[in-house]
Amino acid sequence: MARGREVWTLSRWPVLRQTQHPAPGSSRTFTETWVTTPDGRTLRVVNAHLGTVLVTSALRGDWARLRRTAQTRQAQVNLLCRLAAQEPGPVLLGGDLNTPPRGRLYRRLIRIPIESETTRFNPSGCE
């Protein structure tokens, strides 16, 4: 088990190591955990809880708060992109992303190029 602020990563596979990354603009942390799969490979698991857009701010017309929230969420996704680029190998992203599949940040995350045997991660998908 790897535990962060508001996120836990539970694994039936052996945990090699775990580290915390402060989530920008939040007291939360993102948890990065390395586990050994049954076939002996290493899998990196990133568990994140992104900030949420407060509907009440929109209903009140608090556009400044909405902008700050959007900037914070963008910074959090930027961190996830940097984590994905840090080292080769598969990365599993999980957690509460607070974004629907049609959301801009979700679409950005699924465009992150993943390293394969012939291709290295290209962070341009994160910009």
Side-chain angles (χ1 to χ4, degrees):
M1 175 178 69
R3 182 177 176 191
R5 295 208 46 172
E6 295 192 23
V7 294
W8 290 25
T9 301
L10 303 174
S11 175
R12 67 174 65 179
W13 298 335
V15 173
L16 298 172
R17 70 180 202 250
Q18 181 263 338
T19 188
Q20 301 294 318
H21 302 276
S26 172
S27 63
R28 298 173 177 155
T29 59
F30 296 166
T31 303
E32 186 175 19
T33 308
W34 290 258
V35 298
T36 303
T37 64
D39 62 2
R41 293 185 293 168
T42 298
L43 174 65
R44 202 161 35 116
V45 179
V46 177
N47 195 339
H49 185 180
L50 297 181
T52 186
V53 174
L54 299 175
V55 174
T56 55
S57 296
L59 293 175
R60 286 193 314 261
D62 189 349
W63 307 118
R65 184 169 185 174
L66 284 173
R67 275 191 296 281
R68 285 191 308 274
T69 301
Q71 291 168 347
T72 296
R73 288 170 50 82
Q74 185 67 48
Q76 292 172 354
V77 169
N78 289 345
L79 173 58
L80 293 176
C81 288
R82 286 192 305 276
L83 291 175
Q86 275 183 342
E87 59 185 72
V91 178
L92 174 64
L93 172 62
D96 184 351
L97 302 180
N98 279 315
T99 187
R102 68 185 181 282
R104 184 176 48 87
L105 293 180
Y106 179 88
R107 289 192 318 264
R108 185 172 159 224
L109 285 170
I110 64 171
R111 284 194 317 261
I112 296 174
I114 303 299
E115 178 177 318
S116 69
E117 304 216 348
T118 59
T119 308
R120 175 100 171 119
F121 176 84
N122 178 352
S124 64
C126 291
E127 296 172 8

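All residue numbers refer to positions in the sequence shown, counting from 1.
- No side-chain heavy atom of Thr9 sits under 4.5 Å from any side-chain heavy atom of Val7.
- Here the CZ atom belonging to Arg82 is positioned 9.0 Å from the CG atom belonging to Leu80, to the nearest 0.5 angstrom.
- Remark: Arg12 pairs with no residue by the side-chain hydrogen bond (donor to acceptor under 3.5 Å, both in side chains) rule, at least two apart or across chains.
- For the side-chain contact (heavy atoms from CB on, under 4.5 Å) test, residues two or more places apart in sequence or in another chain that qualify with Asp96 are His49, Asn98.
- Every side-chain contact (heavy atoms from CB on, under 4.5 Å) that Ser26 has, sequence neighbours left out, goes to Ala23, Arg28, Gln76.
- The cluster map of Ile, Leu, Val, Met, Phe, Trp and Tyr, joined by side-chain heavy atoms under 4.5 Å apart, puts Val77 and Leu93 in the same cluster.
- Without hydrogens or angle criteria, Arg44 side chain to Pro88 main chain gives no donor-acceptor distance under 3.5 Å.
- Counting only heavy atoms from C-beta outward, the side chains of Gln86 and Glu32 approach each other to under 4.5 Å.
- Distance check, rounded to the nearest 0.5 Å: CG of Asn47 to CD of Gln20 gives 9.5 Å.
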| task | Start with the C-alpha distance between Phe30 and Leu79, add both sets of side-chain angles, then the distance that settles side-chain contact (heavy atoms from CB on, under 4.5 Å), and finish with yes or no. | result | CA-CA 9 Å; Phe30 296 166; Leu79 173 58; 3.6 Å; yes

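- Criterion: ILVMFWY side-chain heavy atoms under 4.5 Å apart, direct or through other members. Under it, Trp34 and Val15 are not part of a common hydrophobic cluster.
- The two residues Thr72 and Pro24 come nearest to each other via the heavy atoms CG2-O, 3.3 Å.
- Thr42 pairs by the side-chain hydrogen bond (donor to acceptor under 3.5 Å, both in side chains) definition with nothing, not counting sequence neighbours.
- The minimum heavy-atom distance between Trp13 and Thr36, with the atom names listed, is CB-O, 3.1 Å.
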| query | Between Val46 and Val91, does a side-chain contact (heavy atoms from CB on, under 4.5 Å) hold up when you go through it step by step? | reply | CA-CA 7 Å; Val46 177; Val91 178; 4.0 Å; yes

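- For Arg65, the side-chain contact (heavy atoms from CB on, under 4.5 Å) test picks out Leu54, Ser57, Arg60, Asp62, Arg68, Thr69, with sequence neighbours left out.
- No single ILVMFWY cluster, assembled from side-chain heavy atoms under 4.5 Å apart, contains both Leu16 and Val45.
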| said: With side-chain contact (heavy atoms from CB on, under 4.5 Å) as the criterion, how do Thr31 and Gln18 come out once you've worked through the C-alpha distance, each side chain's angles and the decisive distance to 0.1 Å? | reply: CA-CA 7 Å; Thr31 303; Gln18 181 263 338; 3.2 Å; yes

